[in-house]
J.: 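Supplied in structure tokens, the structure appears directly below.
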Amino acid sequence: MAEHVAVTTDEHGVATIRLDRAPVNALNPQVWSELGEAAITCSTDDGIAAVVLWGGPKVFAAGADIKAMNAMTFQELFASGGGLQEAVKALARIPKVMIAAINGYALGGGCELALTADFRYAADNAQLGQPEIKLGIIPGAGGTQRLTRLVGISKAKQMVYGGEFYAASDALAMGLVDEVLPPDEVYGAAVEAARGYAKGPFALRMAKKAIDEGVEMDLDSALRLETTLFTATFATDDRRIGMDSFVEHGPGQATFTRN
Ligand code: HXC
């Protein structure tokens with residue numbers, strides 16, 4: 001039974017991965033491992049159609065546990081590094097839409113955690129950043145890579161080289177977050193949006209795969225992947241449901257089965 005990470009699913013098939021390690025949700029090896037387990041649950045449980053990643057109403061996550069890291073030797077860190085990346089990758093590869101709901105700080109590994117989601121909804125008092133440089137280290141869970149792909153090279157360098165915290169409004173302007181909301185509305189808005197995606201067709205999974213895997217490829221290979229996945233949508237019940245519904249009732253009326 002996980003101590004700091006809970007997965008609960010509502011009646012609409014929306015799972016919440018809730019991180020809970022007071023006072024600031026610092027991410028120690030146990031938490032990363034529990035997040036990895038949560039990712040497997042969300043990926044494999046057919047009753048889960050979309051996911052919200054939340055750190056609770058006060059703080060998303062203030063990053064890797066600096067006190068735990070400070071006590072580690074190079075050899076210990078080297079040995080645990082692979083496991084950590086695997087946990088982060090498992091979250092990023094959940095084949096369902098995931099929204100990070102960010103209240104308070106999302107710093108260092110916390111910001112990197114949010115980057116594993118498809119979208120980030122932030123409270124207007126949220127602060128995001130990659131302050132690792134101030135500790136004499138660099139981001140190690142995607143902050144030099146996913147962040148760069150999301151906001152571009154210059155903005156990523158600004159964040160990583162400077163280590164400053166960015167207000168939600170600045171994060172919105174640079175494309176790091178997608179919505180800025182009053183703090184007590186962030187989680188609800190993320191769940192609401194996730195419920196919308198939970199009603200979507202099986203093809204949402206294919207769209208996610210095409211975009212996330214395609215962006216890592218040269219254009220020709222990525223377009224071939226797109227063609228393969230586009231063609232594969234014709235093997236789904238939802239493609240038939242969607243097209244039949246259009247022909248009989250017009251656009252946007254289909255009720256999908258996620259099959
Ligand atoms: C361990 C942390 C922590 C962290 C805060 N605390 N952040 N403990 N790891 N990342 C602890 C503090 O020591 C303190 O404990 C308590 O939480 C509250 O923090 P305060 O500093 O007193 O609160 P406040 O003044 O409100 O400032 C909050 C804060 C600040 C802005 C979040 O604590 C801060 O800057 N934290 C570090 C953020 C950071 O550098 N993150 C990157 C980590 S490196 P006590 O016991 O004194 O009450 C990283 C690498 C990822 O993430 C690479 C992946 C492997």
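Since the structure is predicted, the reported quantities are computational estimates derived from the model, not experimental observations. Just so it is clear, the values below take in all heavy atoms, side chains as well, and ignore hydrogens, waters and symmetry mates. First listed ligand is number 1; within each ligand, the first listed atom is number 1. In this chain, residues are counted from 1 in sequence order.
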J.: What residues sit with at least one heavy atom under 4.0 Å from ligand 1?
T.: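 Ligand 1 pocket, heavy atoms under 4.0 Å: Pro23, Val24, Ala26, Ala62, Gly63, Ala64, Asp65, Ile66, Lys67, Met69, Leu84, Tyr105, Leu107, Gly108, Gly109, Glu112, Pro131, Glu132, Leu135, Gly140, Ala141, Phe165.
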J.: State, without any angle test, whether Asn259 and Thr236 hold a side-chain donor-acceptor pair at a distance under 3.5 Å.
T.: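 No, no side-chain donor-acceptor pair sits under 3.5 Å.
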J.: Would Arg149 and Glu216 pass as an ion pair if we require N to O under 4.0 Å?
T.: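 Answer for the salt bridge query: yes.
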J.: Please determine whether a side-chain nitrogen of the Lys or Arg among Glu164 and Lys134 lies less than 4.0 Å from a carboxylate oxygen of the Asp or Glu.
T.: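 So Glu164 pairs with Lys134 through a salt bridge.
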J.: Is the shortest side-chain N to carboxylate O distance from Asp238 to Arg258 below 4.0 Å?
T.: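 Salt bridge absent between Asp238 and Arg258.
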J.: If you count every heavy atom of other residues, nucleotides or ligands that lies below 6.0 Å from Lys208 atom NZ, does the total exceed 12?
T.: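 Yes, enclosed.
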J.: According to the salt bridge (charged side-chain N to carboxylate O under 4.0 Å, His left out) rule, which pairs have a member within residues 178-188, sequence neighbours left out?
T.: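 The answer is none; no pair qualifies.
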